[in-house]
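Each remark here refers to the structure printed beneath this line.
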Amino acid sequence: MKYWLVKSEPSKYSWEQFVKDDHAVWDGVRNYAARNNLREMEIGDEVLYYHSNEGLEIVGIAIVTKTAYQDPTTEDTNWVVVELKPYKQFPNPVMLTTLKADDFFHNMDLIRLSRLSVGKVTQAEYERIVEMGGLTA
DNA sequence: GCCAACGTTGGC
DNA sequence: GCCAACGTTGGC
């Protein structure tokens, strides 16, 4: 089992909309590092869902339901999508400022590579964030 | 709205 | 293959 984090701007695709849809094709990734992470995802992996630009907090957890395949929104075979499904919502969303203030997270992709839209999360980071969010891992 | 960080493009 | 120019992302 691996752990990940995806970013979405709430004005484009919010967690609330994701929950309403109960499923999402994660398309539009056009960055090689992010793409490589998508390719490594396996069914059942847990994915933190982060609101960028507005909110700036991790709001919930998604589950990978389908591994990488060609992005249907482009002909370019460099790009792939995965499919995600909402899993749990955090009672207490974990704010970026909180993570930044804590040395424990200094090496996290989200902090170190602020522009990366699909990042890795270590198991230790994941468990700590889930706990901070008010859920038990 | 600004700007820093980073990725990509294209000239040489 | 280097590097300057440019575009985009995303925090502030």
Side-chain angles (χ1 to χ4, degrees):
Chain A
M1 162 95 70
K2 286 179 181 157
Y3 304 96
W4 310 95
L5 179 143
V6 295
K7 292 184 184 177
S8 184
E9 299 186 28
S11 62
K12 292 183 180 157
Y13 193 72
S14 67
W15 169 261
E16 289 72 23
Q17 187 60 47
F18 180 43
V19 168
K20 210 174 289 178
D21 294 346
D22 197 44
H23 171 263
V25 176
W26 211 256
D27 62 23
V29 171
R30 296 292 182 270
N31 168 285
Y32 288 103
R35 188 280 312 271
N36 292 343
N37 287 332
L38 288 181
R39 281 194 175 154
E40 284 182 44
M41 289 187 186
E42 290 168 19
I43 290 174
D45 280 0
E46 296 180 11
V47 184
L48 298 171
Y49 196 107
Y50 174 77
H51 275 166
S52 62
N53 276 318
E54 298 166 55
L56 308 185
E57 57 192 11
I58 301 171
V59 290
I61 309 170
I63 294 275
V64 177
T65 56
K66 209 166 226 186
T67 53
Y69 60 92
Q70 168 68 32
D71 187 336
T73 65
T74 177
E75 299 284 296
D76 189 336
T77 55
N78 279 316
W79 309 119
V80 299
V81 298
V82 296
E83 295 188 15
L84 302 176
K85 171 179 174 52
Y87 175 47
K88 286 179 180 170
Q89 183 167 336
F90 285 137
N92 313 308
V94 180
M95 297 193 312
L96 180 65
T97 50
T98 306
L99 298 179
K100 278 197 162 169
D102 189 336
D103 272 352
F104 183 78
F105 297 106
H106 270 187
N107 280 325
M108 192 178 175
D109 279 1
L110 178 67
I111 308 300
R112 215 164 34 86
L113 307 167
S114 67
R115 291 179 49 211
L116 187 65
S117 59
V118 182
K120 292 182 202 289
V121 179
T122 67
Q123 183 171 353
E125 288 162 353
Y126 182 81
E127 284 172 359
R128 185 118 171 218
I129 287 168
V130 168
E131 193 179 332
M132 291 164 81
L135 296 172
T136 42

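Chain A is the first sequence line, chain B the second, and so forth, proteins listed ahead of strands; every chain is numbered from 1.
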| message | Taking the ring of A:Trp15 and the ring of A:Tyr50, is the distance between their centroids below 6.0 Å? | response | no

Taking only the side-chain nitrogens and oxygens of [X], find out if one of them lies under 4.0 Å from OP1 or OP2 of [N].
X       : N      : value
A:Tyr50 : C:dG11 : yes
A:Lys7  : C:dT9  : no
A:Lys12 : C:dT9  : no

| Quick one: do A:Leu110 and A:Leu48 end up in the same hydrophobic cluster if we chain Ile, Leu, Val, Met, Phe, Trp and Tyr together by side-chain heavy atoms under 4.5 Å apart? | yes

| said: Check this for me: does any side-chain nitrogen of one of A:Lys2 and A:Glu46 sit under 4.0 Å from a carboxylate oxygen of the other? | reply: no

| query | Would A:Asp76 and A:Arg30 pass as an ion pair if we require N to O under 4.0 Å? | reply | no

Nearest-Å distance, [atom1] ([X]) to [atom2] ([N])?
X        : N      : atom1 : atom2 : result
A:Leu99  : C:dG10 : CG    : P     : 16 Å
A:Asp76  : B:dT8  : CG    : P     : 12 Å
A:Ile111 : C:dG11 : CD1   : C1'   : 11 Å
A:Arg35  : B:dC6  : CZ    : P     : 20 Å
A:Glu54  : C:dC12 : CD    : C1'   : 14 Å
A:Leu110 : B:dC6  : CG    : P     : 14 Å
A:Arg115 : C:dG11 : CZ    : C1'   : 12 Å
A:Asn78  : B:dG7  : CG    : C1'   : 14 Å

| Contact class for A:Leu113 (heavy atom, under 4.0 Å): base, sugar-phosphate, or nothing? | nothing

| said: Heavy atoms from C-beta onward define the side chain here; which of C:dC12, B:dT8, C:dG10 lies closest to that of A:Leu96? | reply: C:dC12

